[in-house]
Asker: 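Got a structure for you, written out below as structure tokens; questions coming shortly.
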Amino acid sequence: MQKKKNKTAISPTRDENFPEWYQQVIKAADMAENSAVRGCMVIKPHGYGIWELIQKELDNRIKAEDVENAYFPLLIPLSYIAKEAEHIDGFATECAVVTHHRLEDDGEGGLKPAGELAEPYIVRPTSETIIGESMAKWVNSYRDLPLKLNQWANVMRWEMRPRMFLRTAEFLWQEGHNAFATAEEAAQDARRMLEVYADVFENVLAIPVKRGQKTPEERFPGAIDTLTLEAMMQDGKALQACTSHNLGQTFSKGFDIKYQAEDGNQKHAWTTSWGFSTRTIGGVIMTHGDDDGLRLPPKIAPTQVAIIPFIRDDADIEKLQPYGDGLLNKLKAKNIRARFDLSEGRAGDKIWNHIKKGTPVRVEIGMRELEEGVISVSRRDKPGKEHKQTVPVGNFVDNIEDILNDIHENLYNEAKTYLEQNITDVSSTEELEKFYSDQENKGFVRMDVSVLKDPALETIMTKHALTPRCIPFEDDGKKVLIGKSY
RNA sequence: CGGAGUGUAGCGCAGCCUGGUUAGCGCACCUGUUUUGGGUACAGGGGGCCGGGGGUUCGAAUCCCUCCACUCCGACCA
């Protein structure tokens, strides 16, 4: 009867043990599980359904920026990545390397690699190099620019410490790669694509973010400028959500992406790259989840409205089925992702399953509702049956978009309040030290950007595992946010 | 890759220290009855290479060695 004592569907609670809570939410929501390969996960239908919805939203926005989708190979010749010193420096330690192309009998009942490759391939950790190689071929004149490409792909980084969604050895993402004739265009592009990401975070995922610039030490290997969105998880740690890089001429020089300008001279292009990954799903969990599990913002909920029948006997089903189907069809006609759950099983269990999976709206129908032409509506963002409301079917159908929007707003505002309340202004390194020495304190600290040149900073940062998260645009580059991060 | 911990049924755990019947419990699952509006109740039942390999022993979930995986704290990173 332990479950009855627990008022929460997930144990431990966030307060008791946040990392363990995170794992349990993923399990309870049936989103993903570990695979036989270290650091790699199986994304189950509910987790992948969320990713597909995120993809659709982001892909539409990317296309609206006149970027075209393409696909580049998984394997990259070793020589490509070796062309750019800074780049290889950043990724060398986490590259998977393909050295053979055949298997043969090892004489002991097993198999061994054979057919050693003359030049090994690496499994892409990112694709700047192989795309740069193509761009060099495709760009001849200033008329070929800008060239804007995106690919949806998997990449592999051999991580030392994998965590579901947040840091897996293989992950899914989109990587955009744009090339321009001028430095200004590239700089603007990096900033614009960051804004596309911010739009997805705020208006699709309901996650508030701080837009800003990375410090030089935190830049992407090979970038001259890295822009980031930093989100705050419910344990006060930062999650670097997305990054957009101004690569300057690093890769255009490394791969000879040259064009003939109007004046007839050969010039190197200016490039950007920008990525958004499945890590985001981890951000959704840690931003919105509660002690009953996942809470999904409606725009990425595979099921937005779950209709759950309360059946006493078989005679009920005959009457409730048309009632539920009627509601289901009306919702579908409005492009609401609704499901009518007529499967065998107890209504209470179905309710809890939807709670754990984060379904935004639950509708209960029974003989009681049927007789009065009403339904009972519960919202995942307002837990507890005291918030359950009984409304006429027509009224509910008319207002469903508003309800979903309201849930989105509510989740966003809750997270926004948390973010702002957990940013503390601090004016000296002594205060910084004092702040993080108190275990009760969490979140980000905001300091004058000049602190980055203070020799006293590094010791404190190392001691408390802090990093500069970003130099936010909203403070005109005068401030820096510091915090612990994932 | 360093430090710490954990691997026993789908999930959560006990048993291990002090080796010895058919390896237990709760939830989930199956059958039946009973119930039905935030996880009904009772009864019966199915499901385990006790993470893998090696060793010690008459005998290993239990002791020793060694791999592997997972989790946490770091270093590194989306």
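In what follows, every chain begins at residue 1, and chains take the letters A, B, ... in the order their sequences are listed.
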Asker: What is the base-pairing partner of B:rA28, counting Watson-Crick and G-U wobble geometry with both distances under 3.5 Å?
Answerer: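 Base-paired to nothing in any strand shown.
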
Asker: Using side-chain heavy atoms (C-beta onward) and a distance below 4.5 Å, is A:Arg380 in contact with A:His354?
Answerer: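 No, too far: nothing below the 4.5 Å cut-off.
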
Asker: Ignoring the backbone of A:Glu94, work out which of B:rC70, B:rG38, B:rC76 is nearest its side chain.
Answerer: B:rC76

Asker: Quiz question: going by heavy-atom distance under 3.5 Å, is there a donor-acceptor pair between the base of B:rG38 and the side chain of A:Arg346?
Answerer: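 Side chain to base: no pair present.
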
Asker: Mind checking what makes ring-ring contact (aromatic ring centres under 6.0 Å, His included) contact with A:Trp352, not counting sequence neighbours?
Answerer: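 Result, ring-ring contact (aromatic ring centres under 6.0 Å, His included) vs A:Trp352: none returned.
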
Asker: Distance between the P atoms of B:rC64 and B:rU56, in whole angstroms?
Answerer: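 Between the two P atoms, the distance is 15 Å.
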
Asker: For B:rG38, what is the paired nucleotide under Watson-Crick or G-U wobble rules, both distances under 3.5 Å?
Answerer: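 Paired with no nucleotide.
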
Asker: Roughly how many Å apart are B:rU71 and B:rA23, using the P atom of each and rounding to a whole number?
Answerer: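 About 31 Å, rounded to a whole number of Å.
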
Asker: Any heavy-atom pair between the side chains of A:Ile307 and A:Leu331 that's under 4.5 Å?
Answerer: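 Yes, at least one pair of side-chain atoms sits under 4.5 Å.
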
Asker: Contact class for A:Ser376 vs. all strands (heavy atom < 4.0 Å): base, sugar-phosphate, or nothing?
Answerer: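 Base contact.
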
Asker: Please measure how far the C1' atom in B:rA61 lies from the corresponding atom in B:rG2, and state the result in whole Å.
Answerer: 31 Å

Asker: Would you indicate what A:Ile308 reaches in the nucleic acid, counting non-hydrogen atoms under 4.0 angstrom: base, sugar-phosphate, or nothing?
Answerer: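 Touches nothing.
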
Asker: Heavy atoms under 4.0 Å, any strand shown: does A:Met367 hit a base, just sugar-phosphate, or nothing?
Answerer: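 The answer is base, as A:Met367 lies within the cut-off (heavy atoms under 4.0 Å) of a base atom.
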
Asker: When you measure from the side chain of A:Met160, which nucleotide among B:rA75, B:rC72, B:rC77 comes out closest?
Answerer: B:rA75

Asker: Within the structure shown, what part of the strands sits under 4.0 Å from A:Asn17 by heavy-atom distance: base, sugar-phosphate, or nothing?
Answerer: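 It contacts nothing in the nucleic acid.
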
Asker: How far, in whole Å, is B:rC1 from B:rG47 if one measures between their P atoms?
Answerer: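 It works out to 42 Å between them.
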
Asker: Testing A:Lys237, A:Arg211, A:Lys214 one by one against A:Glu230 for a salt bridge (Lys or Arg N to Asp or Glu O under 4.0 Å), which residue passes?
Answerer: A:Lys214

Asker: Watson-Crick or G-U wobble partner for B:rA78, using a 3.5 Å limit on both distances?
Answerer: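 For B:rA78, the partner nucleotide comes out as none, under the 3.5 Å rule.
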
Asker: If we call it a pair only when both distances are under 3.5 Å in a Watson-Crick or G-U wobble match, what pairs with B:rG47?
Answerer: none

Asker: Side-chain N or O of A:Gln23 less than 4.0 angstrom from OP1 or OP2 on B:rC70?
Answerer: no

Asker: Applying a 3.5 Å limit to both distances, which nucleotide forms a Watson-Crick or G-U wobble pair with B:rG20?
Answerer: B:rC58

Asker: Nearest to the A:Arg161 side chain among B:rC72, B:rA69, B:rG39, which nucleotide is it?
Answerer: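 Nearest nucleotide to the side chain: B:rC72.
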
Asker: What is the distance from CD of A:Glu364 to P of B:rG38, rounded to the nearest Å?
Answerer: 7 Å

Asker: Judged by modelled atom types alone, do A:Thr250 and A:Glu86 share a side-chain donor-acceptor pair under 3.5 Å?
Answerer: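 Looking only at side-chain atoms, A:Glu86 and A:Thr250 do not form any donor-acceptor pair under 3.5 Å.
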
Asker: When you compare B:rG20 with B:rC13, how far apart are their C1' atoms, in angstrom units rounded to a whole number?
Answerer: 24 Å

Asker: Does A:Gly384 reach a base, just sugar-phosphate, or nothing at all? Heavy atoms under 4.0 Å.
Answerer: base

Asker: Consider the side chain of A:Arg163, meaning its heavy atoms from C-beta on, and name the nucleotide among B:rC77, B:rA75, B:rC72 that approaches it most closely.
Answerer: B:rC72

Asker: Between B:rG53 and B:rU34, how many Å separate the two P atoms, rounded to a whole number?
Answerer: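 Result for the P pair: 49 Å, nearest Å.
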
Asker: I want to know whether A:Phe276 and A:Phe201 have ring centres closer than 6.0 Å.
Answerer: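 Yes, ring centres under 6.0 Å apart.
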
Asker: If you look at every strand shown and take non-hydrogen atoms under 4.0 Å, does A:Thr226 touch a base, only sugar-phosphate, or nothing?
Answerer: nothing

Asker: Roughly, in whole Å, what's the span from NE2 in A:His464 to C1' in B:rG74?
Answerer: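 One finds 14 Å between C1' of B:rG74 and NE2 of A:His464, rounded.
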
Asker: Does A:Gly366 reach a base, just sugar-phosphate, or nothing at all? Heavy atoms under 4.0 Å.
Answerer: base

Asker: Specify the residue among A:Leu466 and A:Arg312 whose closest nucleotide of RNA chain B lies further upstream toward the 5′ end.
Answerer: A:Arg312

Asker: Please pick, from B:rA75, B:rA78, B:rC73, the nucleotide with the shortest atom-to-atom distance to any side-chain atom of A:Gln240.
Answerer: B:rA78

Asker: Let's see if you can work this out: which of B:rG12, B:rG39, B:rG74 has an atom nearest to the side-chain heavy atoms of A:Lys27?
Answerer: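 Closest of the options to the side chain of A:Lys27: B:rG12.
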
Asker: Start at the 5' end of RNA chain B and walk down; is the nucleotide closest to A:Glu20 or to A:Phe91 reached first?
Answerer: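 It is A:Glu20 whose nearest nucleotide is closer to the 5' end.
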
Asker: Regarding A:Lys382, tell me which of base, sugar-phosphate or nothing describes its non-hydrogen contacts under 4.0 Å with the strands shown.
Answerer: nothing

Asker: Contact class for A:Leu166 (heavy atom, under 4.0 Å): base, sugar-phosphate, or nothing?
Answerer: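 Counting heavy atoms under 4.0 Å across all strands, the contact made by A:Leu166 includes a base.
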
Asker: Contact class for A:Gly39 (heavy atom, under 4.0 Å): base, sugar-phosphate, or nothing?
Answerer: sugar-phosphate

Asker: Picking from B:rC72, B:rG38, B:rG74, which would you name as closest to the side chain of A:Pro19?
Answerer: B:rC72

Asker: As a test of reading the structure: which of B:rC77, B:rA75, B:rG39 is closest to the side chain of A:Glu159, going by heavy atoms?
Answerer: B:rC77

Asker: Looking at every strand, decide which applies to A:Arg362 at a 4.0 Å heavy-atom threshold: base, sugar-phosphate, or nothing.
Answerer: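 Base, at least one base atom sits under 4.0 Å.
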
Asker: Given B:rU36, is OP1 or OP2 found less than 4.0 Å from the side-chain N or O atoms of A:Lys350?
Answerer: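 Looking at the OP1 and OP2 atoms of B:rU36, neither is under 4.0 Å from any side-chain N or O of A:Lys350.
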
Asker: Is there a donor on the side chain of A:Arg167 or the base of B:rC77 sitting less than 3.5 Å from an acceptor on the other?
Answerer: yes

Asker: Taking the six-membered ring for Trp and the single ring otherwise, decide whether the centroids of A:Tyr80 and A:Tyr121 are under 6.0 Å apart.
Answerer: no

Asker: Expressed in whole Å, how much space separates the C1' atoms belonging to B:rC30 and B:rC67?
Answerer: 39 Å

Asker: Name the nucleic acid region contacted by A:Trp352, choosing base, sugar-phosphate or nothing; use a 4.0 angstrom heavy-atom cut-off, strictly under.
Answerer: base

Asker: Do A:His87 and A:Phe251 have their ring centres less than 6.0 Å from each other?
Answerer: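 Distance test on ring centres: under 6.0 Å, yes.
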
Asker: Between B:rG51 atom C1' and A:Asn34 atom CG, what is the distance in whole Å?
Answerer: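 Taking CG of A:Asn34 and C1' of B:rG51, I get 14 Å after rounding.
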
Asker: Rounded to whole angstrom units, what separation is found between the CG atom of A:Asp341 and the P atom of B:rG39?
Answerer: 17 Å

Asker: Could you check whether atom CZ of A:Arg163 has more than 12 heavy atoms from other residues, nucleotides or ligands sitting under 6.0 Å from it?
Answerer: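 Buried by this count: over 12 neighbours within 6.0 Å.
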
Asker: Looking only at atom P, what distance separates B:rC63 and B:rU6, rounded to whole Å?
Answerer: 12 Å

Asker: Flag the pair A:Asp59 and A:Lys63 as a salt bridge only when some basic side-chain nitrogen lies within less than 4.0 angstrom of an acidic carboxylate oxygen.
Answerer: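 Yes, charged N to carboxylate O under 4.0 Å.
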
Asker: Any strand counts, and the cut-off is 3.5 Å on both contacts for Watson-Crick or G-U wobble. Which nucleotide pairs with B:rC70?
Answerer: B:rG5

Asker: Just the rounded figure in Å: distance from C1' of B:rA28 to CD of A:Glu344.
Answerer: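 Spelled out: CD on A:Glu344 to C1' on B:rA28 is 16 Å.
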
Asker: Return the value, rounded to whole Å, for the distance between atom CD of A:Gln24 and atom P of B:rG10.
Answerer: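 Those two atoms, CD and P, are 16 Å apart.
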
Asker: For A:Arg279 and B:rC77, give me the distance from atom CZ to atom C1', rounded to whole Å.
Answerer: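 Rounding to the nearest Å, CZ of A:Arg279 and C1' of B:rC77 are 8 Å apart.
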
Asker: If only side-chain N and O atoms of A:Lys484 are considered, is one of them under 4.0 Å from the OP1 or OP2 phosphate oxygen of B:rC73?
Answerer: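 For B:rC73, OP1/OP2 do not have a side-chain N/O of A:Lys484 under 4.0 Å.
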
Asker: May I have the distance from A:Ile317 (atom CD1) to B:rU36 (atom C1'), rounded to whole angstrom?
Answerer: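 Answer to the nearest Å: 13 Å.
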
Asker: Nearest to the A:Thr243 side chain among B:rG12, B:rC73, B:rA78, which nucleotide is it?
Answerer: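 The answer is B:rA78.
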
